[in-house]
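Report on one structure; see the data block that follows.
Bear in mind that the values here come from a model prediction, so they are computed numbers and not experimental data.
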Amino acid sequence: MSASTDRWGIQQDWVDADDQPQRASDATVAGLREVIGEPPADLEDRAPVVTRPGRATGLRSTVSCEDGSTRDLDDVVPDDFPLGYHRLADGRRLVVSPGRCHVPQEQSWGWTVQLYAARSRRSWGIGDLRDLRTLREWTERLGGGFLLVNPLHAVAPTVPQETSPYLPATRRFRNPVYLAVEDVPGVEAADLERHDAELATLRSADLVERDGAWALKRSVLRAVFDRAPADPEFVAWRESAGQAVEGWATWCALAEEHGPDRLAWPEAVRRQDAGGVPAYVRDHGDDIAFHVWLQWLLDRQLRAATGSTTVLQDLPIGVSGSGADAWAWDDVLATGVTVGAPPDMLNSVGQDWGSPPLVPWRLREADYEPFVESIRGTIAGAGGLRIDHVMGLFRLWWIPEGAGPQEGAYVRYPADDLLDIVALESHRAGAVVVGEDLGTVEPGVREALAERGILSYKVLWFEDEEPASWPSSALAAVTTHDLPTVAGLWTGSDAEDQLASTDMAEADVRSGREDLLARLRRDGLAEDAPVEDAVAEAYRQLGTAPSLLLSAALEDAVAEERRPNVPGTTARDNWRLPLGVPLEELTADGGHPGVARLVEALRGA
């Protein structure tokens, strides 16, 4: 991680996933410098100080601690100094971190779940938080110790709903489409029977119909909210939740009135600090309260769903530029660029994920608050965190507007500070943290993650070494949501899917499949073996890994051939494919035979 950068943080020279030197064009660098802007000369005098007990800071100051106490700091942070977010006498934020995340002590296995896809016959056409509870209780019965779920973050409360869980409106709050409406206090007066026809349509749909599910849920939930008296528990929760949730709810109300793109709103409300927002809040109290109430329900239902089992929540790399977090922190986000990845094993033409990046120096100037709130909000109530594309805490691939993914450049971030903030939030929540380190990973990244107790991410399809040689400080898996399922790989249908929906060269797709098949066959799996044998072999190999967390995909348990997402395409029903088996059938005692065989293979039985 010693590659040089300019004072804007741009790394013009870099090494790609094939260890080949690359250089961003001068035009790209010039354009990114204009977007980033000149960092202020006095930034170091105003930026937060992130440190650990026992370390020298060069500071001598009175510190106002977040618990209300006052401490004196004389250069070295004492070992008994309280962890947390404090203020120095000159107003700067002082972050004291343990420097290491919570790490489980024993190996366990669990399921990777696309919750929207895990539909029960009861749910409203989309997996919900009662379904998550069912999955958690089933996993416990099977002897599993965790679940890893797709991002549950909220999108705009409008139709059409954003389908990708990785392009939310916010990384701080959750999507009410996952509410189990039947479990909402007061719903018994809503006469749900009159919606039987609509529910039947949603439940029988071949795809996850988010638009229909949300429209119906919103209608019922608003009727319940308008009819029911204020719940004292809700009132107390709202008072304790602070201003962040009020800002989110205000954005939701505005989005319902003016549309989901805040950049198209009247100028008086286009930013959270715009002059017309206070008057809007005064005039729309009930609408704002409704969206706060939805977040209270989500908090209640998620905690009930997770129980005492670790449920790793997924943190996307960014948010929609038209969404609520962008509305709240308009000055911190870059405009005219998006983030993605250069060509690598995941996609031979690179990827553009559509999210605007945080400007590194502006993030520091904002006391890292956008990052702190995103980490804390994602961990809350679940006990685990998976950081998507964790390399983005070190550097991000910025793509200028109108350019292709190959025409970007890396911009570097204050990784040491960001990682120590993750460690602090993990320590406070008792939450295990996994960093998804797949793709182009520069030297030093994995060492920095390990030093802080952030588990690496090992995937059978990516690794040349056999799982038995993988590190213990990792989450190990056969595949991911962006890679082939075992059945799709084995039958060849996944390769055909890629060719039909992307611009990838056929030779790259075919050779990529052969590389993965070689991993699957390395211990003698016959070429004409049935799919069920291929799945069992993949998880037998995975079960030899000493990694702390062993993750099995629900798609593999039911021999699903379609992966949830093919990166780099919109010509496919990404993020809308339901699991091929109803949840009742999957989780019943003596249920789907693929489950028992996969678990036996994983355990080495």
Ionic contact status for Glu137 with Arg133, cut-off 4.0 Å | yes
Could you tell me the separation between the [atom1] atom of [X] and the [atom2] atom of [Y], rounded to the nearest 0.5 Å?
X	Y	atom1	atom2	answer
Tyr410	Trp398	OH	CH2	14.0 Å
Thr440	Gln22	OG1	CD	9.5 Å
Tyr457	Asp388	OH	CG	9.0 Å
Leu549	Thr310	CG	OG1	8.0 Å
Glu584	Ser123	CD	OG	7.5 Å
Arg563	Glu555	CZ	CD	12.0 Å

For Glu560 and Thr485, run side chain to side chain donor-acceptor pair (under 3.5 Å): C-alpha distance rounded to whole Å, both residues' side-chain angles, the deciding distance at 0.1 Å, then the answer.
-> CA-CA 7 Å; Glu560 171 62 61; Thr485 65; over 6 Å; no
Is it the case that more than 12 heavy atoms not belonging to [X] sit under 6.0 Å from its [atom1] atom?
X	atom1	value
Glu401	CD	no
Asp523	CG	yes
Asp503	CG	no
Glu527	CD	no

Start with the C-alpha gap between Asp131 and Ser120, add the side-chain angles, then the distance that decides, and say whether side-chain contact (heavy atoms from CB on, under 4.5 Å) holds.
-> CA-CA 7 Å; Asp131 295 327; Ser120 61; 2.8 Å; yes
Indicate whether any N or O donor in one side chain lies under 3.5 Å from an N or O acceptor in the other, for [X] and [Y].
X	Y	value
Thr134	Thr587	no
Asp352	Thr338	yes
Asn150	Asp314	no
Gln541	Arg522	yes
Glu561	Thr491	yes
His291	Glu256	yes

Does the pair Arg562 and Glu496 meet the rule for a salt bridge (charged side-chain N to carboxylate O under 4.0 Å, His left out), with working shown?
-> CA-CA 11 Å; Arg562 300 171 298 175; Glu496 300 307 318; over 6 Å; no
How about Tyr166 and His481: are their ring centroids closer than 6.0 Å?
-> yes
Are Trp353 and His389 close enough that their ring centers fall under 6.0 Å?
-> yes
Ring-face cation of Arg576 near Tyr116 (centre distance under 6.0 Å, axis angle within 45°) | no
Evaluate the criterion ring pair (Phe, Tyr, Trp, His ring centres under 6.0 Å) for residue pair Trp111 and Trp109; output intermediate values, then yes/no.
-> CA-CA 7 Å; Trp111 298 106; Trp109 71 271; 5.5 Å; yes
Tell me, with the steps shown, if Leu499 and Thr502 meet side-chain contact (heavy atoms from CB on, under 4.5 Å).
-> CA-CA 6 Å; Leu499 291 173; Thr502 74; over 6 Å; no
Under 3.5 Å: donor-acceptor pair, side chain of Trp461, backbone of Pro484 = yes
Test Arg510 against Glu506 for salt bridge (charged side-chain N to carboxylate O under 4.0 Å, His left out), laying out the working first.
-> CA-CA 6 Å; Arg510 302 294 185 199; Glu506 182 172 0; 3.2 Å; yes
For the student: nearest non-hydrogen atoms of Ala205 and Arg119, plus distance | O-NH2, 3.0 Å
Derivation and outcome, side-chain contact (heavy atoms from CB on, under 4.5 Å), residues Asp556 and Thr479 = CA-CA 9 Å; Asp556 286 338; Thr479 185; 3.8 Å; yes
Given the rule in the side-chain contact (heavy atoms from CB on, under 4.5 Å) test, do Glu600 and Val595 qualify, once you have shown the distances and angles that lead to the verdict?
-> CA-CA 9 Å; Glu600 288 175 1; Val595 170; over 6 Å; no
Would you call the rings of Trp265 and Trp251 parallel, tilted or perpendicular if under 30° counts as parallel and over 60° as perpendicular?
-> tilted
